[in-house]
2 protein chains.
Amino acid sequence: MSFGCRSSRAGTRTTLPDPTKVAPVTVPTNPRAVTRADVARYAGVSTSVVSYVVHDGPRPVAPATAARVREAIRVLGYRPNASAQALRTGSSKMLGLIVPELDNPFWSELAVAVTHAAAARGYDVLLANSDGDAAQERERLRSLSARQVDGVIVTSIMTHPDLSTVTDPGLPMVLLNTFFEVPEYASIGVDALRGALDGTRHLVEHGYGSIGLVMGHTGSMELREQGWMRALREAGLPDGPIVRTAFTRRGGYEAGLRMFADDTGPRAVFVSSDMQAIGVMRALWELGLRVPEDVAIVSFDGAAEADYTNPQLTTVRQPIETMAVAAVDRVLGLDADNQWHRDLVPAELVLGASCGCDVRR
Amino acid sequence: MSFGCRSSRAGTRTTLPDPTKVAPVTVPTNPRAVTRADVARYAGVSTSVVSYVVHDGPRPVAPATAARVREAIRVLGYRPNASAQALRTGSSKMLGLIVPELDNPFWSELAVAVTHAAAARGYDVLLANSDGDAAQERERLRSLSARQVDGVIVTSIMTHPDLSTVTDPGLPMVLLNTFFEVPEYASIGVDALRGALDGTRHLVEHGYGSIGLVMGHTGSMELREQGWMRALREAGLPDGPIVRTAFTRRGGYEAGLRMFADDTGPRAVFVSSDMQAIGVMRALWELGLRVPEDVAIVSFDGAAEADYTNPQLTTVRQPIETMAVAAVDRVLGLDADNQWHRDLVPAELVLGASCGCDVRR
DNA sequence: CTGAAAGCGCTTACAG
DNA sequence: CTGAAAGCGCTTACAG
């Protein structure tokens, strides 16, 4: 077994040689990883047989031979080179996932759920962060495609993602967390209209007469907004004030300051994400207003963080695990009978104390 | 250009044929991705020249030729196959990152920082979640190694990670967020002893006479614990109560209930992570105790979430970006002059209101 | 300045 | 049941 250093791979020095110093005598060379050929040699078989044993097929192998090979694999610590496998088979067994901001709890929880769902199908996830930027989203998608992922799950920030120019035509792609229909793409998302309707209705049932809306920036008349509005209309309530802001804690904070700065603010508010609601609660805290005594809140997402606000947030929970499994199965083509272009999964209102109930989760 | 379907790659049907249905006539075949050979043909050059243009070397190319190749690349939408590149060059331009729980804000913020630091060096990050489990940590490491990452950054939950049996001997590995010295590995972490000392001293300066500790489960006598204790000793204060618990919001909640259930609880508490502190605050809320009027809190980490608790947490902030850059440069061997086995980066006390100050961030 | 050729590690149809 | 051989897409030393 030759572990010699190959000139084309030897660690090249990036620093210029310093004439005042003695040139280094030893160049650190990484020992080559164990390959299938090493295993074959050790076990005294051909490389084909090693593959047959590793994959338990497609040709049968005599038990004694297989045992020798397995022993060799164990002793040498052999792991098949995934790059070579991907090149040969055309499948990397990796799924790409693009999220806008991994450091937003909702997205990181979704990323974990997708990772678990993919692992259950034997896939690793190559995670890419678009930083909420459309150009970066395209660039990341390009990179995932070059890395030979077998499919991509995109949680796009674009209302009408135009991604066709970026990917290979044959690369399966699914839009996750997308409430609306996008031509040419399968999309999976929560039933946001119904969720917002349920959440706002709950505030109506508490008897609040004025219910505002803190809404994240979205391209179109958003479904959460429609749900909020429909609940008000059906109750015969006037439209409450609307503040539009970023989908972040800070965005919610700024919206809260604006909405409740003077005493004309509404008695209750529906907020389009938990992160924003947390910002609203901080604003109310600074303004000396109590939740829910002065202002009641219902929000949207059901992030873990919403369990630990004081008081606990009443929130419309997105079934993240369900969505993740659906996205993975969809992108892998495992639900071939599913003809739907768009999957809507139901959201569930989870009661806390911010709405005026006093439920403890 | 032949886009024919190759039998060994055609999408095989996983469902058994249903005799009651007509067999499908068309099998969906993924159009083959564009390769370097397609570009060469289109531009009328050899495949070598395509590479020379893509990499701007190592051989010179006539400007007119290069222009033709670039045009071909653009028209065909060519992207080099990363698996083939990795196989050929021995470098995947990917770094592996193992975190215990990606859905814990501290880890997701660290993951984002590492991703950015790696991107600045031209590397993608293959992110792996160990779910806080040692066996999974080893399994994920094995997988990363098989996927030919050029290095691994591990935020291990093991006190004494024994990882040598899992990775290729030549795979560079760095332990991140590790405060203590680990034989044979480079480790990078915050100066936790000093950070805890500063945080606890701050509580001492506020004049609190009894200062408890909520400490996450760690293998040994932890540096945060040592810092807390040293601050008490040097102030001549008695050791406050210690509750040990998980590094989670729930862990903090349970610890808070235990520490403050009766009125013998301390007047102030140093908490080993922001997530735990958030749990403690919830426990105090339920017990009807106010922060900081009844109990003052200083915690550790400096997660974004700590900015939005009510009141805002005073916390010892880990310089996540600095740590991420150091880890990436270390694992890539970019700081060859650095002889240190262990890098300690300084933490900074960030004042909020939970300690009794009234600073607004 | 350009191209033909070798080889990275793997899988699998084919031949024995 | 086993092995020799082709080829996935790429990079680069070598030859022209």
Side-chain angles (χ1 to χ4, degrees), chain A residues 1-2 4 6-10 12 30 32-41 43-69 73 76 78-93 145-148 168, chain B residues 1-2 4 6-10 12 30 32-41 43-69 73 76 78-93 145-148 168:
Chain A
M1 205 176 328
S2 132
R6 283 158 299 177
S7 62
S8 64
R9 310 229 177 143
T12 49
N30 292 0
R32 197 188 50 166
V34 175
T35 73
R36 170 201 98 278
D38 299 322
V39 174
R41 213 170 300 132
V45 298
S46 75
T47 59
S48 314
V49 171
V50 176
S51 274
Y52 301 153
V53 171
V54 167
H55 299 295
D56 202 17
R59 301 277 129 241
V61 175
T65 312
R68 276 214 316 287
V69 171
I73 289 173
L76 301 176
Y78 169 67
R79 272 181 310 283
N81 179 321
S83 295
Q85 289 182 312
L87 178 58
R88 176 57 226 243
T89 64
S91 162
S92 63
K93 300 294 258 178
S145 175
R147 289 212 180 273
Q148 310 301 115
D168 283 329
Chain B
M1 205 177 322
S2 132
R6 283 157 299 176
S7 62
S8 64
R9 308 226 180 149
T12 48
N30 291 1
R32 194 188 53 165
V34 175
T35 72
R36 167 201 102 280
D38 299 322
V39 174
R41 213 171 299 132
V45 298
S46 75
T47 59
S48 313
V49 171
V50 176
S51 274
Y52 300 153
V53 171
V54 167
H55 300 295
D56 202 20
R59 300 277 128 241
V61 175
T65 312
R68 277 213 317 288
V69 171
I73 288 174
L76 300 176
Y78 168 69
R79 271 182 311 283
N81 179 321
S83 294
Q85 289 182 311
L87 178 57
R88 176 58 227 240
T89 64
S91 163
S92 63
K93 299 295 260 179
S145 175
R147 290 213 179 274
Q148 310 302 116
D168 283 328

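Here is the naming used below: chain letters follow the sequence lines, and residue numbers restart at 1 for every chain.
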Exercise for the section: Could you measure between the two C1' atoms, the one in dG16(D) and the one in dT12(D), and give it in whole Å? Expected result: 16 Å
Handout entry: Spacing of Arg88(A) atom CZ relative to dC10(D) atom P, expressed in whole Å
Key = 16 Å
Exercise for the section: For Asn81(B) and dG9(C), give me the distance from atom CG to atom P, rounded to whole Å. Expected result: 17 Å
Handout entry: OP1 or OP2 of dG9(D) under 4.0 Å from side-chain N/O of Gln85(B)
Key = no
Handout entry: Interatomic distance where CG belongs to Asp56(B) and P belongs to dC1(C) [whole Å]
Key = 12 Å
Practice task
Using atom types as modelled and distance alone, determine if a side-chain donor or acceptor of Asp38(A) lies under 3.5 Å from a backbone N or O of Thr35(A).
Solution key: yes
Produce the list of close N/O pairs, under 3.5 Å, pairing protein atoms with atoms of nucleotides 3-5 of chain C; give distances to one decimal.
from   : atom 1 : to       : atom 2 : distance (Å)
dG3(C) : OP2    : Ser46(B) : N      : 2.9
dG3(C) : OP2    : Ser46(B) : OG     : 3.3
dG3(C) : O6     : Tyr52(B) : OH     : 2.8
dA4(C) : N6     : Ser48(B) : OG     : 2.6

Exercise for the section: State, without any angle test, whether Arg36(B) and Ser51(B) hold a side-chain donor-acceptor pair at a distance under 3.5 Å. Expected result: no
Practice task
Give a yes/no on whether any side-chain N or O of Arg36(B) is located under 4.0 angstrom from OP1 or OP2 of dC10(D).
Solution key: yes
Problem - Donor + acceptor pair across side chains of Arg147(A), Ser92(A) (<3.5 Å) - result: no
Practice task
List in chain and number order the residues that pass side chain to side chain donor-acceptor pair (under 3.5 Å) with Ser46(A), two or more places apart in sequence or in another chain; answer none if no residue qualifies.
Solution key: none
Practice task
Select base, sugar-phosphate, or nothing to describe what Pro60(A) touches, counting heavy atoms under 4.0 Å on all strands.
Solution key: base
Practice task
Can you tell me the distance, in whole Å, between the CD atom of Gln148(B) and the P atom of dG9(D)?
Solution key: 19 Å
Exercise for the section: Counting Watson-Crick and G-U wobble pairs whose two distances are both under 3.5 Å, find the runs of 3 or more in a row that involve DNA chain D. Expected result: C:1-3 with D:14-16, C:5-12 with D:5-12, C:14-16 with D:1-3
